[in-house]
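The structure under discussion appears below in the form of structure tokens.
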Amino acid sequence: MQVCDASAEGQVAGLAIVEQPIVGFLVLKRGASLPAWAQASDAVISAMRIDLAHQGKGFGTLALRAVVDWVRQQWPEARRLVLSVDEGNTPGRRAYEKAGFIDAGVREQGRIGWVRYMARTLG
């Protein structure tokens, strides 16, 4: 994974998922950039995309495992890595589970449909 860009305050980081060529990206947030549903000590995956041509090849799961180490090193004060996922995104939910994320059991109406919240401790 490579850092694409980060905000001046260090609250948002964009990471590229590289496997010649770049096959996806994810965006992390913390601090003042956190969504209302997150805790102050969380780091949030606010976006993650794998190119359609590369889906189903394990890149998402590998990236999620790698981002755990990245957050531990770059944002050591973060206690959990959390995310919201569209309830109907079965492949995404499966990749998150394979990477150690646990469904928090909360289902809410999001801006485009029902979402579930998932978390992984970083300790």
Side-chain angles (χ1 to χ4, degrees):
M1 231 177 287
Q2 297 178 355
V3 175
C4 299
D5 191 63
S7 70
E9 299 84 26
Q11 303 298 301
V12 178
L15 304 175
I17 302 165
V18 180
E19 178 60 38
Q20 301 304 48
I22 293 173
V23 298
F25 72 91
L26 55 87
V27 177
L28 299 170
K29 294 182 178 180
R30 68 176 179 162
S33 297
L34 289 172
W37 52 265
Q39 297 175 14
S41 61
D42 288 342
V44 174
I45 297 175
S46 70
M48 180 174 175
R49 302 287 184 270
I50 302 295
D51 183 277
L52 194 56
H54 298 285
Q55 290 181 7
K57 298 179 181 178
F59 291 117
T61 300
L62 290 172
L64 289 164
R65 290 179 180 151
V67 79
V68 168
D69 290 334
W70 188 93
V71 170
R72 283 180 180 144
Q73 292 172 8
Q74 301 299 317
W75 295 346
E77 64 283 353
R79 298 291 164 243
R80 297 186 313 160
L81 187 56
V82 299
L83 57 91
S84 67
V85 59
D86 292 334
E87 190 171 60
N89 182 356
T90 302
R93 290 174 62 190
R94 201 169 25 242
Y96 297 132
E97 289 169 356
K98 286 180 185 176
F101 286 79
I102 298 170
D103 190 316
V106 177
R107 177 181 187 251
E108 291 184 341
Q109 180 67 41
R111 56 188 171 90
I112 60 170
W114 291 99
V115 297
R116 309 279 310 190
Y117 298 98
M118 300 183 81
R120 178 183 168 142
T121 59
L122 295 169

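Scope of the values below: all heavy atoms of this structure, side chains included, with no hydrogens, waters or symmetry mates.
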Next on the checklist: Tell me whether Lys57 at atom NZ has more than 12 heavy atoms from other residues, nucleotides or ligands lying less than 6.0 Å away.
Outcome noted: yes
Checklist entry - More than 12 foreign heavy atoms under 6.0 Å from CZ of Arg49: is that the case here? => result no
Which atom names give the shortest non-hydrogen contact between [X] and [Y], and what distance separates them?
X	Y	answer
Thr61	Ala99	O-CB, 4.2 Å
Leu34	Asp42	CD2-O, 3.6 Å
Val12	Ser33	CG2-OG, 3.5 Å
Lys98	Arg65	O-NH2, 3.0 Å
Leu83	Ile45	CB-O, 3.7 Å
Ser46	Lys29	OG-CE, 3.4 Å

Treating Ile, Leu, Val, Met, Phe, Trp and Tyr as nodes and any side-chain heavy-atom pair under 4.5 angstrom as an edge, say whether [X] and [Y] lie in one connected cluster.
X	Y	value
Val71	Val68	yes
Leu26	Leu81	yes
Met118	Leu122	yes

Checklist entry - Measuring from Ile102:CD1 to Tyr96:OH, what's the distance to the nearest 0.5 Å? => result 15.5 Å
Checklist entry - Got a second to check how far Gln74's CD is from Asp69's CG, nearest 0.5 Å? => result 11.0 Å
Close side-chain approach of [X] and [Y], heavy atoms under 4.5 Å:
X	Y	value
Glu77	Trp75	yes
Leu64	Met48	yes
Trp114	Gln109	yes
Val115	Trp37	no
Trp70	Leu28	yes

Checklist entry - Can you check whether Ala53's main-chain N or O pairs, donor with acceptor, with Asp51's side chain at less than 3.5 Å? => result yes
Next on the checklist: If we ignore hydrogens and angles and just use 3.5 Å, is the side chain of Arg79 paired with the main-chain N or O of Ala40 as donor and acceptor?
Outcome noted: no
Next on the checklist: Applying side-chain contact (heavy atoms from CB on, under 4.5 Å), can you list everything that pairs with Arg116, at least two apart in sequence or on another chain?
Outcome noted: Val85, Glu87, Arg93, Asp103, Arg107
